[in-house]
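Notes follow the structure.
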Amino acid sequence: MRLTLINVVIAVVAAIAFAALNAAYLVWAERRGAARIQRRPGPNINGPFGLLQPPLDGIKLMAKQLTIPGGADKAMFIAAPILAMFPAIMSFVTIPFSDTIVAKNMNVGILMIFAFASMGGMSLVFAGWSSRNKYAMMSSVRAVSQAVAYEIPMLITTITVVMITGSMDLMEIVRQQSGSILHWNIFPVLGNSHNLLMPFSFLIFFTCTLAETNRAPFDLGEAESELVAGFHTEYGSMGFGLFFMGEYANIVVGSCLTTILFLGGWNCPFGLFPGVWWFILKLYLLIGTFIWIRWTFPRTTIYGLLNLSWKILIPLSLFNLLFTAGLLKVF
Amino acid sequence: MICDKTKQALQSLFPKATPEPAESSPAIPSSEAQEKKAKAPAPRQDGVVERDYAVHGYHLDAQVSPDQLLEAVSILDEAAFFIESITGVDWIKENQLEVVYDFSRYDFDTCRVVIRTRLDRNNPVVPTITGIYAGANWHERETHDFFGIKFEGHPHLIPLLLPEDADFHPLLKDFKA
Amino acid sequence: MNAPILLQPDETFILNVGPQHPATHGVLRVKMEMSGEYIVNAETVIGYIHRMHEKMGELKTYPQFLMNLSRMDYLGALGYSHCHVLVVEKASGIVVPERAEYIRAIMVELNRIASHLFWFGAFVMDLGGFSPLMYALQDREHILDMLEAVTGSRLTYCYFRFGGLYNDIDDDFIAAARRFIPRMRKSLKKYKALVTGNIIFRKRLEGIAPLTPEMCRKYGASSAVARGSGINFDVRRNEPYSVYPEFDFDIPVYHECDSLARYMVRMDEIEQSLRIVEQGLDKLPGGPIMPDKKPKIIKPPAGDYYQAVETARGSFGVRLVSDGGKNPYRLKLRSPTYSNMHLFDEACRGMMIMDALAFMGSLDLVIPEIDR
Amino acid sequence: MVAYFTEIFNGLLSLFIGMGITFKEFFKPTVTVAYPYETLTMCARYRGHIELVPDEEGNPKCVVCGLCEKACPSDCISLAGEKPEGGKKKELTKYNLDFTRCSLCGSCVESCSFGAIDFSKEYNLASTRKEDFIFNLLQRLEEKKK
């Protein structure tokens with residue numbers, strides 16, 4: 001694919017459309033899923049199965065007045081929700097949905113995604129700091145320590161995978177997992193690694209994704225029973241809407257990355273339909289698990305969250321890294 | 001039995017130890033005359049009275065003067081009583097306010113003790129017991145809200161249940177909304 | 001576990017939790033002096049929905065005040081009405097038929113289960129888990145349906161009368177209650193697996209907010225707050241009233257003194273209440289629900305009377321001072337959460353805000369009951 | 001070291017047990033009632049606001065004794081009656097219920113020894129105007145008669 005202007009525009013528009021559509025309809029999926037778990041119907045009035053709910057909600061949010069609290073830092077206050085949505089959309093550019101469907105493949109794709117993911121944490125800090133609200137402030141302080149604590153094990157685990165595949169190119173990582181289901185990085189029986197600890201890497205990575213995207217049980221930033229709504233306490237209208245959509249867009253990115261790194265990307269266990277559909281299927285199964293987890297568990301505490309990261313996840317992932325390095329040296 | 005022990009301890013507060021006449025506890029009045037008598041009884045003297053639990057729901061009823069209050073409450077504190085509540089009663093006819101302290105016990109040696117003290121209605125001041133029972137804090141503030149009784153030495157005697165600027169005392173009998 | 005870093009006074013800030021805050025379950029305000037996430041000092045401000053029930057008690061006749069009691073605590077209303085009718089019956093010497101007392105006990109226990117279920121759901125929601133609330137409400141709904149069929153209302157019952165009951169229970173109710181008991185036991189198992197065993201849940205409560213028995217005594221705490229601190233105190237046992245001596249039930253006591261102990265006490269109490277309901281239904285005698293002889297106008301003789309009962313929230317007491325008239329001379333309502341909540345100021349010092357709010361949830365607050 | 005790993009293992013296990021429960025609940029049927037579209041019938045003893053009970057001819061059974069007025073804790077009921085010329089019994093001329101103050105305690109129904117008032121099964125009362133809740137029960141009864 002040549003890098004022409006048209007190509008770039010199409011790719012960016014497609015990425016934005018995909019992200020926005022996902023974000024909107026994941027809200028619907030979350031509400032329906034939560035409702036099913038709690039044995040109620042969920043949104044079912046607007047359109048079939050309530051499918052018109054997200055656009056209507058969007059219209060409602062857009063129709064609302066955007067209030068900026070007195071004494072708030074205006075520029076930062078407005079920048080924060082944009083910062084929440086923008087990195088997630090940018091990350092889509094480099095994610096390969098199949099061996100042909102990718103906006104722009106890069107040989108350092110992972111690096112780019114992580115670079116953008118770190119910006120997500122900044123939006124929370126911006127929002128909390130600029131709101132001039134004590135709850136929001138406390139939330140942003142939490143967000144910083146949470147982001148620091150969970151990026152470390154996440155990166156270490158990613159390095160483990162990168163070491164096995166020997167590439168930071170997302171396409172290459174997926175290609176190496178082709179063959180059968182046993183070639184996937186999560187089940188390292190066949191393929192180029194025999195690392196039996198990989199399922200644990202997957203668990204660590206998945207937990208970190210939960211924490212990175214601020215999802216329950218790690219949603220300390222917006223712990224509604226303590227900090228009212230956390231960093232977006234003062235946001236209304238589409239400012240809040242962007243935060244909300246950004247959260248779901250981040251989930252999609254996180255799940256895409258998990259799929260690529262551990263679940264074999266678009267590789268299909270047994271033909272049937274084209275690879276891209278397998279990718280989508282794996283992606284939504286992971287997202288479903290996110291929703292399922294959110295509606296099952298209570299929230300952790302901030303020190304519980306940090307303990308989990310520093311005392312359990314980081315030592316385990318470091319050990320895993322060393323173990324993998326040893327394996328690679330021996331074989 | 002804790003009841004007897006507490007009774008003795010409380011009685012030691014009253015040096016005269018005048019054995020009070022077995023007070024005609026307000027049982028069901030049979031005649032009109034008795035009812036009238038119950039309505040205007042002779043002012044009760046300070047002292048400890050044992051009450052029928054089945055009728056009144058408590059065992060000991062001690063009336064003390066305000067300056068004996070802290071001593072009486074300390075006795076209960078040492079005997080491991082817990083504070084149930086503090087409240088007031090407005091005896092407008094006698095121009096007095098009564099502060100009523102309820103105490104009870106956590107163990108199975110049940111003994112409910114009521115300590116009451118009568119104050120002048122025009123200048124109701126009583127020492128605070130927050131130094132002994134920290135939990136008396138809110139109860140005293142509530143009583144101050146409702147009756148205007150001043151608890152001397154209370155650390156934070158501002159309206160609790162009533163609005164912050166309340167200067168009325170709704171449970172006084174002459175309060176008109 | 002987490003020792004607070006002591007800062008200079010000018011380095012702290014004031015955080016207003018409430019009067020509208022998701023964790024306070026009503027209009028309660030806690031003025032917290034914070035040092036980062038740590039609470040240096042807290043002052044609870046109550047009285048936002050104070051309604052002066054005690055004055056209403058003085059202004060209304062005895063029967064007219066009946067319905068006020070159920071407005072005090074909208075979750076476990078029957079226990080409060082029970083106390084009120086008991087004290088007036090005691091004062092005026094009304095003898096209650098046995099059947100009425102049994103039905104009262106069954107109703108109060110069902111109401112206690114309903115109240116504990118709601119607390120369970122709300123408590124887990126305080127901790128961020130939303131689904132258990134919905135499951136708890138489903139079970140609670142069965143109880144409310146049963147109570148509605150008998151009393152005519154779902155929350156603010158006005159069911160007990162001096163001497164007996166408003167109306168009798170029917171076979172439908174008994175059948176429904178019998179169906180409910182095994183269903184509730186099954187649900188309790190579900191809650192145990194879903195919530196009690198959950199590692200996140202346990203980590204949030206274990207060792208949090210230790211309350212010493214001494215502190216409970218100084219503040220007059222009761223219910224699960226006292227029983228979670230190793231105090232074996234339940235008015236149903238310590239000062240038996242109504243027909244409770246006839247029932248075989250245990251008082252769960254935990255000695256850990258932490259939030260988890262308070263949680264465990266309430267969960268065990270649901271099981272014990274189920275046992276009481278079961279036995280009550282088995283032993284339910286026939287007969288009238290109102291006494292044959294009852295004074296037309298209730299005028300207790302002069303004197304003062306006290307009655308305590310164990311409601312869902314703890315030891316509730318009514319002090320009735322009568323001057324022999326149609327209206328009470330003074331009616332003091334001693335509400336249990338008033339004392340339990342009072343603990344909060346002292347106990348939450350040095351805690352992190354999330355622990356403090358979990359602790360607040362474990363106190364089982366119903367604000368109208370504190371404010372009266 | 002062993003304790004460290006057993007704690008992690010038991011913790012993970014408890015999480016999976018919890019997820020198993022919510023998974024099972026996911027496939028169970030819903031238990032809610034879609035309120036405006038479906039409604040439940042009110043149970044026989046449901047206590048709505050009060051309503052006058054008509055006799056066979058559709059006239060109020062009320063004999064204007066005023067007991068309900070006295071029993072009411074919140075002074076919701078105001079009624080009046082007069083003897084028609086030549087008639088023996090008092091006849092009801094006014095029966096107003098101030099529902100804004102009513103707490104549905106049922107004291108009035110209980111105090112009535114003639115069965116002249118009863119609870120309605122209406123629960124869907126909503127209005128933005130206070131006046132809508134001051135019911136003229138006599139008028140309502142006459143409307144029902146027609």
Side-chain angles (χ1 to χ4, degrees), chain A residues 29-46 49-50 153 197 199-207 210-211 215-218 285-301 304-305 307-320, chain D residues 1-49 99-100 102-104 106 119-133:
Chain A
E30 169 117 52
R31 289 175 63 184
R32 290 287 287 194
R36 291 298 313 176
I37 284 175
Q38 294 164 1
R39 302 185 64 185
R40 25 184 204 103
N44 61 350
I45 305 294
N46 298 318
F49 304 106
L197 290 181
F200 296 103
S201 309
F202 172 72
L203 271 181
I204 292 171
F205 192 84
F206 189 73
T207 316
L210 276 178
R215 285 288 295 188
F218 304 111
L285 273 179
L286 273 176
I287 292 171
T289 318
F290 270 77
I291 292 170
W292 179 15
I293 285 175
R294 163 148 183 204
W295 298 101
T296 306
F297 300 137
R299 188 180 304 114
T300 54
T301 49
L305 174 111
N307 278 347
L308 176 66
S309 169
W310 292 101
K311 290 187 183 163
I312 296 177
L313 295 183
I314 292 182
L316 285 187
S317 57
L318 269 177
F319 174 76
N320 193 11
Chain D
M1 199 65 189
V2 177
Y4 176 79
F5 283 107
T6 39
E7 197 189 341
I8 293 176
F9 178 76
N10 288 337
L12 265 178
L13 191 70
S14 77
L15 296 184
F16 284 123
I17 290 171
M19 285 178 76
I21 287 168
T22 39
F23 187 73
K24 266 187 249 158
E25 296 285 331
F26 188 87
F27 294 102
K28 285 186 185 165
T30 55
V31 289
T32 51
V33 176
Y35 163 59
Y37 305 103
E38 326 164 29
T39 46
L40 299 171
T41 47
M42 288 289 116
C43 62
R45 286 174 180 177
Y46 176 77
R47 298 209 301 253
H49 69 79
F99 193 57
T100 55
C102 177
S103 47
L104 300 169
F119 301 113
S120 70
K121 300 279 170 282
E122 262 178 61
Y123 59 91
N124 221 338
L125 298 161
S127 171
T128 49
R129 284 171 0 112
K130 194 181 168 192
E131 295 76 43
D132 289 352
F133 294 109

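Every chain is numbered from 1 and lettered A, B, ... according to where its sequence line falls, protein lines coming before strand lines.
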Report, as yes or no, whether the 6.0 Å neighbourhood of atom NZ on D:K130 holds more than 12 heavy atoms from other residues, nucleotides or ligands. no
Atom CD of D:E7 with >12 non-hydrogen neighbours under 6.0 angstrom: no
Chain A contact via D:F23 - side chain, backbone, both or neither, heavy atoms under 4.5 Å: both
Interatomic distance, A:T296 atom OG1 to D:E25 atom CD [nearest 0.5 angstrom]: 10.5 Å
Would you kindly say whether D:T22 and A:W292 are connected by a side-chain donor-acceptor distance under 3.5 Å? yes
Part of D:I21 lying under 4.5 Å from any heavy atom of chain A: neither
More than 12 foreign heavy atoms under 6.0 Å from CZ of D:F9: is that the case here? no
Taking all non-hydrogen atoms of both residues into account, name the closest pair between D:T30 and A:R36 and its distance. CG2-NH1, 3.8 Å
Evaluate whether atom CZ of A:F49 has more than 12 neighbouring non-hydrogen atoms of other residues, nucleotides or ligands under 6.0 angstrom away. no
Got more than 12 heavy atoms from elsewhere within 6.0 Å of NZ, A:K311? no
Measure A:I45 against the heavy atoms of chain D and call it side chain, backbone, both or neither at under 4.5 Å. side chain
Main chain of D:F26, side chain of A:R39: is a donor-acceptor contact present, judged purely on distance under 3.5 Å? no
